Amino acid sequence: MATTEGLVPITRAYLARYYDKYPLPPLPDAAVDLAARLRALSADLTAAVAPATPDEELMEQEAAGIPAHKIDENMWKNREQMEEILFLLNESRRPVALQQRSAPEDAEIVSILDDIENKLKDMLKKLEQFQLKNADNVFNTVMTYMPQDFRGTLIRQQRERSERNKQAEVDALVSAGGSIRDRYALLWKQQMDRRVQLAQLGSATGVYKTLVKYLVGVPQVLLDFIRQINDDNGPMEEQRERYGPALYTLTKLVLAIRLYLHVSLARYGQKRIEKDDIGVLQQAVVIYTEELEKFTKFIGEVFVNAPFFISAEDAGAGDARKSDEFKETIIPAGKTHEVILSVEAVNSYIAWDFSLQQGALNMLLDIGFHVEYISPSGEKTLILPYRRYEADQGNFCTVSAGSYKLVWDNSYSSFFKKSLRYKVDAVPPVVEPACARCGALMRPVVLVRIIVVSSSQHVQISIQGFKLP
């Protein structure tokens with residue numbers, strides 16, 4: 001197996017040398033000019049037709065301000081603004097004159113607004129896909145370095161639970177009538193929570209404290225990297241300095257597009273949009289969508305191919321682990337070997353990984369294995385039925401506190417002893433903060449417990465139903 005010896009620590013300076021090979025093509029000058037022009041047109045309308053509303057004043061302040069420094073925060077801001085614009089362009093929310101096409105020029109305006117709507121819908125979908133792919137790339141790369149056994153599975157399961165909880169929180173906010181702005185504020189907060197979890201994974205703290213201590217053999221260079229990747233002066237700061245300014249310009253452009261659309265459509269009954277002005281808007285949207293698509297494709301290629309996205313084989317993540325927690329025992333013919341794990345809390349994990357060492361006669365050997373739960377009163381419940389294996393790896397989430405007995409059974413053998421190599425763990429539950437927004441919506445009167453026992457050869461599912469007291 002390859003070793004991790006010689007791995008270069010991933011630092012900002014290391015990334016700088018890589019980014020030197022990927023210069024970002026400049027944006028057209030029109031991107032800045034059009035943003036300024038749209039803001040000026042908005043100011044003319046609020047001065048000549050009707051004063052700016054409080055919401056419009058906030059939009060102007062944001063359009064005139066300095067965008068957020070972080071690249072991903074700008075991505076979320078662009079998504080938010082596109083959704084806000086699409087909300088404005090919904091046909092049912094357009095001015096009555098445009099819905100009825102009261103004048104000949106209204107039809108041309110409607111056609112242009114429809115084109116703008118289609119372009120932004122398409123770009124919004126592409127940006128959402130970019131963010132999802134990027135998030136998966138980060139997580140999967142980190143997981144490449146994790147032990148390819150049940151411990152890596154636990155990290156994946158934790159992520160899946162965390163994402164389900166986040167989605168439930170968003171759904172609850174939307175059901176309660178939250179605005180687009182409220183939803184994106186929550187989505188950004190959740191993104192920052194993901195960063196915290198990534199840092200916790202690197203330092204074995206917080207929700208990952210009970211999991212990472214089992215991750216023996218993970219290259220320290222990776223843990224150091226994921227702990228400090230998003231620091232203010234960490235590796236990603238190099239990317240922000242090189243590629244951030246172009247994205248900041250696009251963020252200001254979409255803010256100006258939204259501002260002008262909001263101001264002009266709100267006053268359409270008093271002053272129709274002039275042909276030259278709608279031309280400026282249309283040009284701004286074309287440049288915005290084309291350049292944002294180019295930027296996401298460029299940054300996606302740079303990010304995926306960056307040095308911290310190297311293969312586990314190249315980085316030596318498959319290094320033979322010296323302290324891998326395996327134990328070895330000899331099970332005589334006609335005997336069994338038992339391990340009892342005590343669990344103090346539900347939602348803990350019982351996990352195992354075992355194999356038989358080949359005998360002197362090179363015979364193909366197997367051994368019986370089953371798992372049972374022992375309640376505090378001594379009552380036994382079969383969790384994983386008896387079956388004979390050459391090797392197996394599996395885990396399940398507990399629904400009851402108590403003792404869990406793992407039994408390797410060689411009682412059926414009259415002559416052959418078995419050399420067993422195994423490791424087992426009882427991993428305490430990962431506890432996340434309760435979802436304050438959706439807690440009231442998530443209290444069923446009747447609960448169903450679904451126990452999934454997963455092993456390398458099969459999945460067993462049992463269901464228990466009960467009522468809350």
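Counting from 1, the numbers follow the sequence of the chain as shown. Computed from a prediction, not measured in an experiment: that's the story for all the values here.
A 6.0 Å sphere centred on CD of Glu338 holds more than 12 heavy atoms belonging to other residues, nucleotides or ligands. Taking a 6.0 Å sphere around CD of Glu328, one finds it holds more than 12 heavy atoms contributed by other residues, nucleotides or ligands.
Ring orientation note: the planes of Phe369 and Trp352 are tilted relative to one another, at an angle of 30° to 60°. Using a 30° and 60° split on the angle between ring planes, His370 and Tyr386 fall in the tilted class, from 30° to 60°. The aromatic rings of Phe298 and Tyr243 sit perpendicular to each other, their planes meeting at more than 60°, with 30° as the lower class boundary.
The shortest side-chain heavy-atom distance between His337 and Val407 does not fall under the 4.5 Å cut-off. A 4.5 Å side-chain heavy-atom check between Thr381 and Glu372 finds every atom pair outside the cut-off. Within the 4.5 Å cutoff, the side chain of Leu120 has heavy atoms near those of the Met82 side chain.
In this structure a side-chain-to-backbone donor-acceptor pair under 3.5 Å is present from Thr398 to Ser348. Without hydrogens or angle criteria, Lys418 side chain to Asp366 main chain gives a donor-acceptor distance under 3.5 Å. For the pair Arg388 (side chain) and Gly368 (backbone), a donor-acceptor distance under 3.5 Å is absent.
With values rounded to the nearest 0.5 angstrom, Arg258 atom CZ is found 14.5 Å from Leu253 atom CG. Atom NZ in Lys405 sits 4.5 Å away from atom CD1 in Ile374 (nearest 0.5 Å).
Taking the charged nitrogens against the carboxylate oxygens, Lys294 and Glu290 have no contact shorter than 4.0 Å, which rules out a salt bridge. Here Glu301 does not pair with Lys297 in a salt bridge; the nearest charged N to carboxylate O distance is not below 4.0 Å. Taking the charged nitrogens against the carboxylate oxygens, Glu91 and Arg94 have no contact shorter than 4.0 Å, which rules out a salt bridge.
A donor-acceptor pair shorter than 3.5 Å cannot be found between the side chains of Glu169 and Asn165.
Figure legend: cation-pi geometry between Arg421 and Phe326, with NZ or CZ positioned under 6.0 Å from the six-membered ring centre and within 45° of its axis.
Remark: of the listed residues Glu83, Glu80, Lys77, Glu83 is the sole one forming a side chain to side chain donor-acceptor pair (under 3.5 Å) with Tyr184.
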